[in-house]
Amino acid sequence: MNEFELMVHLHRNNKRQGPGSDESTNLAITLAKIDREKSYRIADIGCGTGAQTMFLAKTLKGDIIAVDLFEEFLEKLKENSAKENTIANIKTLSASMDKLPFEKEEFDILWSEGAVYNIGFKNGINYWKEFLKPGGILAVSELSWTTNCRPKELEDFWTGEYAEMDTIAGKIRVLEEAGYKVLGHFILSDDCWLDNYYNPLLNSHKAFREKFGNNETAER
Ligand SMILES: C[S@@+](CC[C@H](N)C(=O)[O-])C[C@H]1O[C@@H](n2cnc3c(N)ncnc32)[C@H](O)[C@@H]1O
């Protein structure tokens with residue numbers, strides 16, 4: 001198994017593959033002044049197994065295309081959505097977020113939680129813009145520094161992991177340079193990281209190591 005397949009294995013039974021919560025998705029809907037009575041065409045890019053897709057589909061009307069590179073995540077999303085009552089329709093699409101088979105100005109809303117980093121924030125938000133109708137909404141979350149004063153060890157680690165690490169002000173500048181008007185922003189709560197992402201991930205380590213413990217890539 002390669003590294004990607006192992007990552008999918010480790011994450012696929014968890015509700016989320018990144019930090020977030022229904023409350024934060026709801027707050028983003030509110031800040032973007034998305035009308036809950038209107039019908040929208042929405043793409044959820046890098047949806048994983050669809051925690052935020054499900055919340056969007058229970059909250060908004062219209063059609064949601066849930067996009068992810070990995071079919072296994074989309075299969076889980078389909079299983080999960082079959083068990084729930086949604087308002088919006090959900091369709092899945094296995095595609096890379098940097099090669100989307102969409103029409104120009106096809107969507108009212110592009111949603112992407114914890115995923116754009118895979119192709120780089122600047123690249124992603126610039127590329128996706130053409131798929132938005134005039135006046136359309138992009139809701140995106142991105143790993144960012146919340147302060148200008150950071151311990152060097154953390155700075156070195158994260159700059160090594162993600163060259164585009166920047167402050168929120170830096171990310172807003174990139175959005176504005178790409179032609180977006182920023183309607184609002186907020187920082188995810190600690191619970192979004194710990195209760196909803198890291199702790200469930202830690203809990204799945206035991207079974208993962210039992211299954212793949214003799215695999216050097218899995219051990220790393
Ligand atoms: C950190 S997870 C976030 C998933 C989900 N939005 C959530 O918050 O639970 C990043 C997601 O991006 C997907 N991904 C990675 N590279 C991708 C690519 N090139 N195109 C589409 N999806 C990709 C991964 O499979 C994963 O589901």
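In what follows, residues are counted from 1 in the order of the sequence shown. Remember, it's a predicted structure, so these values are computed and weren't measured experimentally. Order of listing sets the numbers, starting from 1, for every ligand and every atom in it.
- Figure legend: cation-pi geometry between Lys129 and Tyr180, with NZ or CZ positioned under 6.0 Å from the six-membered ring centre and within 45° of its axis.
- With respect to atom 16 (N) of ligand 1, the closest heavy atom belonging to the protein is Asn118 CG, 3.4 Å.
- The N/O atoms of Glu113, backbone and side chain alike, include one that comes under 3.5 Å of an N/O atom in ligand 1.
- Listed by atom number, the atoms of ligand 1 under 4.0 Å from Gln17 heavy atoms are 1 (C), 2 (S), 4 (C), 7 (C), 9 (O).
- For ligand 1, the polar-atom distance check finds an N/O of Met97 within less than 3.5 Å of one of the ligand's N/O atoms.
- Although no hydrogens or angles enter the test, the distance criterion places no donor-acceptor pair under 3.5 Å between the side chain of Thr159 and the main chain of Asp156.
- Checking side-chain atoms of Gln17 against main-chain N and O of Gly48 turns up no donor-acceptor pair under 3.5 Å.
- Using a 4.0 Å cut-off between charged side-chain N and carboxylate O, Lys78 and Asp68 make no salt bridge.
- A distance-only check finds a donor-acceptor pair linking the side chain of Gln52 to the backbone of Cys47 [under 3.5 Å].
- Taking atom 27 (O) of ligand 1 as the reference point, the nearest protein heavy-atom neighbour is Asp68 OD2, 2.7 Å.
- With ligand atoms numbered from 1 in the order given, ligand 1 contributes 20 (N), 21 (C) to contacts under 4.0 Å with heavy atoms of Ala95.
- Ranking the protein heavy atoms by distance from atom 4 (C) of ligand 1 puts Gly46 O, 3.4 Å first.
- Between Arg16 and ligand 1, a contact under 3.5 Å exists for no N or O pair.
- The structure places CH2 of Trp145 at 12.5 Å from CD1 of Ile168, a figure rounded to the nearest 0.5 Å.
- Without hydrogens or angle criteria, Ser112 side chain to Ile45 main chain gives a donor-acceptor distance under 3.5 Å.
- Between Ala51 and ligand 1, a contact under 3.5 Å exists for no N or O pair.
- No donor-acceptor pair closer than 3.5 Å links the side chain of Glu130 to the backbone N or O of Glu105.
- Distances below 4.0 Å separate heavy atoms of Cys47 from the following atoms of ligand 1: 5 (C), 6 (N).
- Here Leu69 has heavy atoms under 4.0 Å from ligand 1 in both its backbone and its side chain.
- Taking distance alone, with nitrogen or oxygen atoms compared against 3.5 Å, Tyr117 stays at or beyond that limit from ligand 1.
- Between Asp98 and ligand 1 there is no heavy-atom distance shorter than 4.0 Å.
- For ligand 1, the atoms lying closer than 4.0 Å to a non-hydrogen atom of Phe70 are 25 (O).
- At least one donor-acceptor pair closer than 3.5 Å links the side chain of Thr30 to the backbone N or O of Asn26.
- Checked against the 6.0 Å centroid criterion, the rings of Phe102 and Phe131 qualify as a close aromatic pair.
- Taking distance alone, with nitrogen or oxygen atoms compared against 3.5 Å, Ser96 approaches ligand 1 more closely than that limit.
- A perpendicular orientation is assigned to the rings of Tyr117 and Tyr162, their planes being inclined by more than 60° (bins at 30° and 60°).
- Atoms of ligand 1 lying under 4.0 Å from at least one heavy atom of Gln52, given by number and element, are 5 (C), 6 (N), 7 (C), 8 (O), 9 (O).
- When each atom of ligand 1 is checked for a heavy atom of Gly114 under 4.0 Å away, the hits are 1 (C), 2 (S), 3 (C), 10 (C).
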